[in-house]
Structure formats: structure tokens, C-alpha cells
Protein chains: 2
Amino acid sequence: MSVLNRINAKLDGMAPGDRQIGQYILDNPDQMLRLSTAALAAEIGRSQSSVVKFSQKLGYASYQELKLAVSEARAKDWQVPAGVIHGSIEVGDDYPVILRKLVGSKLLSMQQTVASNDEQHIGKALAALDRARRIHLAGVGASSLVARDFSYKLMKLGRNVLHDSDSHVQMANASALGAGDVLFALSYSGASIETLRVAELARARGATVIAVTGLHDNPLSRVADIRLHTVADEEKARSSSITARDAQLTLTDLLFILLVQSQPDANEYVHNSEVAVSVLKA
Amino acid sequence: MSVLNRINAKLDGMAPGDRQIGQYILDNPDQMLRLSTAALAAEIGRSQSSVVKFSQKLGYASYQELKLAVSEARAKDWQVPAGVIHGSIEVGDDYPVILRKLVGSKLLSMQQTVASNDEQHIGKALAALDRARRIHLAGVGASSLVARDFSYKLMKLGRNVLHDSDSHVQMANASALGAGDVLFALSYSGASIETLRVAELARARGATVIAVTGLHDNPLSRVADIRLHTVADEEKARSSSITARDAQLTLTDLLFILLVQSQPDANEYVHNSEVAVSVLKA
DNA sequence: TCGGGGTTGGAATAATTTATTCCTCTTGCC
DNA sequence: GGCAAGAGGAATAAATTATTCCAACCCCGA
């Protein structure tokens with residue numbers, strides 16, 4: 001995961017001074033690369049030592065290491081395809097600008113989501129899902145829709161899946177889980193009480209808990225055995241969590257495709273389900 | 001041109017000492033990024049000052065600048081097969097390729113979907129939704145999830161919305177529609193019998209029918225007053241309609257955002273709903 | 001309200017790194 | 001041989017970075 005994402009995720013939990021430094025780096029990564037600790041400190045009116053300490057708190061051995069990481073993150077930024085704009089949608093924007101920004105922010109969250117989950121973690125989640133006797137999906141609100149979408153796909157592969165949008169039913173079902181079962185819990189905030197309680201119960205019953213949450217520190221991911229992450233733009237009010245949902249879908253789609261790749265008879269299952277449904281087409 | 005190429009090109013014309021430094025950087029660019037001038041000099045048995053002079057002879061203001069350039073060159077190397085790939089996912093594809101193809105095909109369907117609905121048609125749909133006394137959403141299977149997602153968003157704006165995933169309930173509700181109501185029907189194939197029947201009934205009762213279907217000729221769009229289109233990759237078996245769903249979401253997200261833009265108090269509504277939900281957060 | 005433990009963050013300073021200066025040595029040329 | 005020019009290193013100045021120490025500021029619990 002890129003430093004910039006890491007900084008962004010930790011920003012809220014930082015002390016004011018550190019937050020200021022982090023914000024400056026996020027806002028001006030290219031300038032930062034050319035600034036000494038003292039110069040950066042001067043830019044934001046803080047002490048030189050606080051910048052050094054900031055680097056160390058992020059886990060880098062030195063300020064130079066932090067710079068190296070930022071430089072790498074900058075260079076590895078995906079190049080933006082033509083016609084796509086990254087930026088939040090403003091009141092005055094006209095139709096073509098809105099189109100581009102919408103597609104742009106969706107793209108960004110998808111890219112950052114796939115980039116923030118390394119192959120190992122995805123692999124662990126995959127192995128757990130593959131071995132699972134039963135898979136129980138938890139989530140409320142928009143996350144429940146993603147859970148249901150994922151459940152449909154898993155069912156097409158012949159898996160044993162459970163999901164109900166009612167959180168009382170989720171809770172009741174979780175009480176029947178045990179070792180060998182998997183709970184797949186979705187919540188961007190990681191703080192939805194219902195989902196959290198379901199995860200805690202599942203964990204206590206011995207099931208493997210996979211949590212899909214934002215990058216920030218949150219209760220749900222602390223409960224989980226396997227942590228997966230979604231990246232969405234933070235301005236939720238205006239977008240009504242569009243990108244958070246897209247990020248979740250990107251992740252579940254990815255897991256589904258990898259399951260298909262690893263399951264030899266997957267295409268047959270999927271094909272049979274298509275044929276079955278086609279009876280209901282005009 | 002990258003620094004490494006520049007160094008390589010000039011190598012022959014350099015003095016022995018400089019050549020040695022240049023060669024070392026070419027051979028060990030990643031190590032070099034973590035070495036000080038003195039450490040680099042020690043590696044090759046030269047003086048610290050010669051390293052500084054080397055940087056300056058290459059035209060960089062400082063050794064740090066040279067490092068920055070090398071870092072950038074390195075990172076760019078990594079992303080040679082960079083960015084987005086358009087193409088269907090094959091059995092032999094490895095993880096990074098799958099990631100890029102997944103994001104690529106999602107992006108493609110989003111771009112093509114926004115491109116294939118011109119502003120006039122979107123505007124008509126918007127006007128109909130805006131005027132509607134009640135909005136009834138129809139769809140089965142994955143389309144039902146999109147319908148529900150859209151219904152949640154419309155409700156946040158204080159609209160009068162109806163959706164149930166059960167097609168019998170949808171049919172029953174459609175029978176209560178009349179002039180001034182809108183039926184918003186989603187079906188990528190445009191051939192799902194249940195959705196089609198609901199649309200026919202709604203039309204007969206005088207409601208305005210908005211159909212969201214693929215670009216091909218299909219029964220549902222023939223019934224509709226207003227036709228909107230989604231573009232998805234056709235290889236549905238393997239992808240299990242991932243892009244069809246993404247296209248539908250892109251379209252409904254777009255309509256939602258445009259409604260927000262046109263409704264002065266929209267942000268207030270959305271904000272209130274966020275606040276209400278936050279009571280259920282840990 | 002009063003300590004006490006923990007955190008934040010800056011000043012001072014130590015340590016390290018970088019840049020410059022200055023000198024010697026070599027080489028090529030007349 | 002004498003001279004100019006550049007290579008290259010030692011010494012040193014300048015800068016940058018890292019650490020230490022300390023004051024101020026919470027939070028808590030008593």
C-alpha cells in the first residue's frame with residue numbers, strides 16, 4: 001500500500017501537529033520531496049524535530065526513507081486514462097464535467113482498492129472461503145446489498161452461503177456458526193454495531209472472520225482474522241457513499257473471479273445458472 | 001529520458017572515477033538510493049567529494065536531486081506494463097493481470113455507458129423522476145439489487161419510492177400506479193419476463209416508464225417512454241454480469257447526482273440521513 | 001481539586017551528511 | 001622543461017538530520 005494512503009488512513013488518529021504534517025505531504029507530495037525537514041517544518045510553522053518524529057512514527061528509519069517512499073508512491077500512481085477527471089463534484093459543474101468526475105472517482109476508488117490489498121491477504125481470504133463449510137455474509141445498509149450480490153455469485157459456484165438483510169436474522173445465524181465456517185463482514189466505517197456484534201459472535205463461536213473495511217483503524221477489523229480494505233473518497237455526504245460501495249464491489253468481484261480461476265468446474269456451474277435463468281426470459 | 005539512460009550514454013566519455021560511480025549506480029540503483037555520498041564512495045573506494053561532483057556534472061543541484069531522479073526512474077520501470085488493460089480475463093492470467101483487467105473492463109463499461117446516453121435522454125428521465133408522485137423500481141436478480149440501491153438513494157432525497165425484490169409484489173404494486181407516477185425498470189437483457197410484465201402493466205395504467213437496458217433491441221425498451229442504456233461486456237458467463245451491474249450502477253449514480261445538483265435542499269436531506277444512521281455506529 | 005502518568009511538541013544539541021575549498025598529481029602540449 | 005587544465009582526494013565548512021531533554025497539557029482516578 002502506498003505511503004500516501006497510509007498517511008491518509010491514519011490522519012484522523014494523529015495528534016494535531018502530525019496531522020498538519022501529514023496533510024501537507026498529501027497536498028504537496030512533489031514539493032515535499034525537495035524540502036528538508038527544517039524547510040518542511042517552516043512551511044507549516046512547526047519544529048524541525050516534529051518532522052523527523054513524524055517519519056519515525058510512520059515506521060520509517062529516517063526522513064530520507066519517507067521521502068523515498070513518497071517518491072515511489074508518486075511515480076507509481078496509475079496514469080489516468082484520457083477523459084477522466086479526478087475531483088469532487090461541485091454545484092456549478094455542467095453535465096460533461098459531472099460525467100468525467102463520476103467515472104474518475106469511481107475509477108480511483110477501484111484502483112486504490114485493488115492496490116491496498118496485497119496478494120497474500122487476498123490469498124488468505126480466498127483459501128478461507130474455499131475451505132469454508134458455510135459462508136455467512138454480514139452487512140447492513142448499502143453493505144448488505146454488496147453482501148447479497150456476492151452471495152448470489154458464490155451460490156452460482158455451488159457454495160453454501162447465508163445472507164439476510166435483517167440484522168436480527170444475521171445475528172441468529174451467526175450463533176449457529178462454528179469452526180470451519182467463515183463470516184464475511186462488510187462495513188466501510190467498520191463501526192456498524194449490528195455487523196460488529198455479528199462478527200464478535202462468529203469469532204467467539206470459532207468461525208474465521210474476514211472483515212472488509214476502510215483503511216482507518218476500526219472496531220470491526222480488530223475483531224477479524226483476515227482484514228481486507230476498501231478505499232473510497234471521504235466526502236460521503238455529497239456522493240452518498242457511491243465510491244465506498246464501488247470499492248466493496250470491486251473487492252468482492254475480485255474474490256469471485258479468483259475463485260472461478262481456482263475452481264476447475266466453475267464455468268460449468270456459472271453456465272448452468274445462466275441457462276436456468278434464461279427460462280424466465282421473453 | 002531517465003537518469004539511468006543518461007548515465008549509461010555518458011559513461012564512455014567520463015573520467016575513470018566518474019565512470020566507476022556511474023557504473024555502480026547503474027548496477028545497484030536501489031542500494032544507491034539508501035547510501036549517503038560517503039557510503040557510496042566507500043563502496044567503490046573513492047572519495048566522498050567525488051560523488052557530490054558526479055551529481056553536479058550530471059546537471060543536478062545536489063546529490064539528493066540525483067537520488068530523486070534515480071528513484072523516479074526505478075519506480076517507472078516497475079510499471080512498464082502499467083495501468084489499465086482492456087481484455088477478458090483468461091484462465092492463465094496471474095494476479096496483477098487479473099487486477100488490471102478487472103479494473104479495465106469495469107472502467108470501459110462505465111465510460112461507454114455514460115457515453116451512450118445523451119444529455120437529452122438523461123434530462124427527460126431526470127424531469128420525470130423529479131415530477132413523479134411515486135417512483136416504482138422494477139428489476140429481478142442482480143438488477144433488483146441495483147434497484148434497491150437506487151431506491152435507498154432516492155429515499156435519502158425524500159422521494160416517494162417503492163421497491164420489493166419479489167416480482168409478485170412488484171406486479172401488485174404496479175397495478176396501483178397511474179398518471180403522474182414513474183416506473184423505473186432495469187434489465188440488461190430487456191427480456192426478463194417479470195420486469196417486462198410490470199412495465200407493460202404500468203404503461204397501461206398511465207405511468208411513465210423509464211427502461212434501463214442494453215443497447216440491443218429488446219422488448220422492455222419497446223414498452224418504455226424513456227429509454228436509457230447500459231453497456232457491458234458480453235461475455236457474461238465468465239464475469240457473471242459484473243460489468244452489466246456496474247453499468248446500471250453508473251447510470252443510477254449519475255441520475256442521483258444530477259438530482260442532488262438540481263434539488264437545492266438535497267445536501268441537507270442526505271446529511272440528515274447520515275446523522276440518523278450514525279446513531280447505529282460504535 | 002489535586003497529583004501522577006502519559007502525550008505532545010519545541011529548543012538545544014549531537015551526529016551525520018553534503019558541499020566547497022584547496023591542494024597535489026597527472027597528462028598533454030608547446 | 002614548462003605550462004595549462006583537469007582529475008581527484010583531504011580538509012573543512014555548511015547543511016541537514018536525529019536525539020535528548022524539558023515544559024506544557026491533557027486525562028484519570030483519588
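Just so it is clear: chains get the letters A, B, ... in the order the sequence lines come, proteins before strands, and each one is counted from 1.
Side-chain N/O atoms of Asp246(A) and Ser109(A) include no donor and acceptor closer than 3.5 Å.
Rounded to whole Å, atom P of dA18(D) lies 10 Å from atom OH of Tyr63(A). Atoms CG (Asp18(A)) and C1' (dT8(C)) sit 9 Å apart, rounded to a whole Å. Straight-line distance from the CD atom of Gln64(A) to the P atom of dT16(D): 11 Å, rounded to whole Å. Distance Lys67(B) NZ to dT16(D) P: 14 Å, rounded to the nearest Å. Here the C1' atom of nucleotide dG9(C) and the CD1 atom of Ile21(A) are 10 Å apart, to the nearest Å. To the nearest angstrom, C1' of dT16(D) lies 16 Å from CD of Glu65(A).
Atom CZ of residue Arg100(A) and atom OG of residue Ser105(A) lie 14.0 Å apart, to the nearest 0.5 angstrom.
Within the 4.5 Å cutoff, the side chain of His163(A) has heavy atoms near those of the Gln170(A) side chain. Using a 4.5 Å heavy-atom cutoff, the side chains of Ile7(A) and Gln23(A) are not in contact. Between Leu183(A) and Thr208(A), the closest side-chain pair of non-hydrogen atoms is not below 4.5 Å.
A distance below 6.0 Å separates the ring centres of Tyr188(A) and His216(A).
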Q: Take Gln248(A) and Thr230(A) through the side chain to side chain donor-acceptor pair (under 3.5 Å) test and state the conclusion after the steps.
A: CA-CA 6 Å; Gln248(A) 290 181 336; Thr230(A) 51; 5.2 Å; no
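The stretch residues 43-58 of chain B comes close to DNA chain C through Gln48(B), Ser49(B), Val52(B), Lys53(B), Gln56(B), each having a heavy atom under 4.0 Å from the strand. A heavy atom closer than 4.0 Å to some atom of DNA chain C occurs in no member of residues 25-37 of chain A.
Closest approach of Leu35(A) and Tyr24(A) over heavy atoms only: CD1-OH, 3.7 Å.
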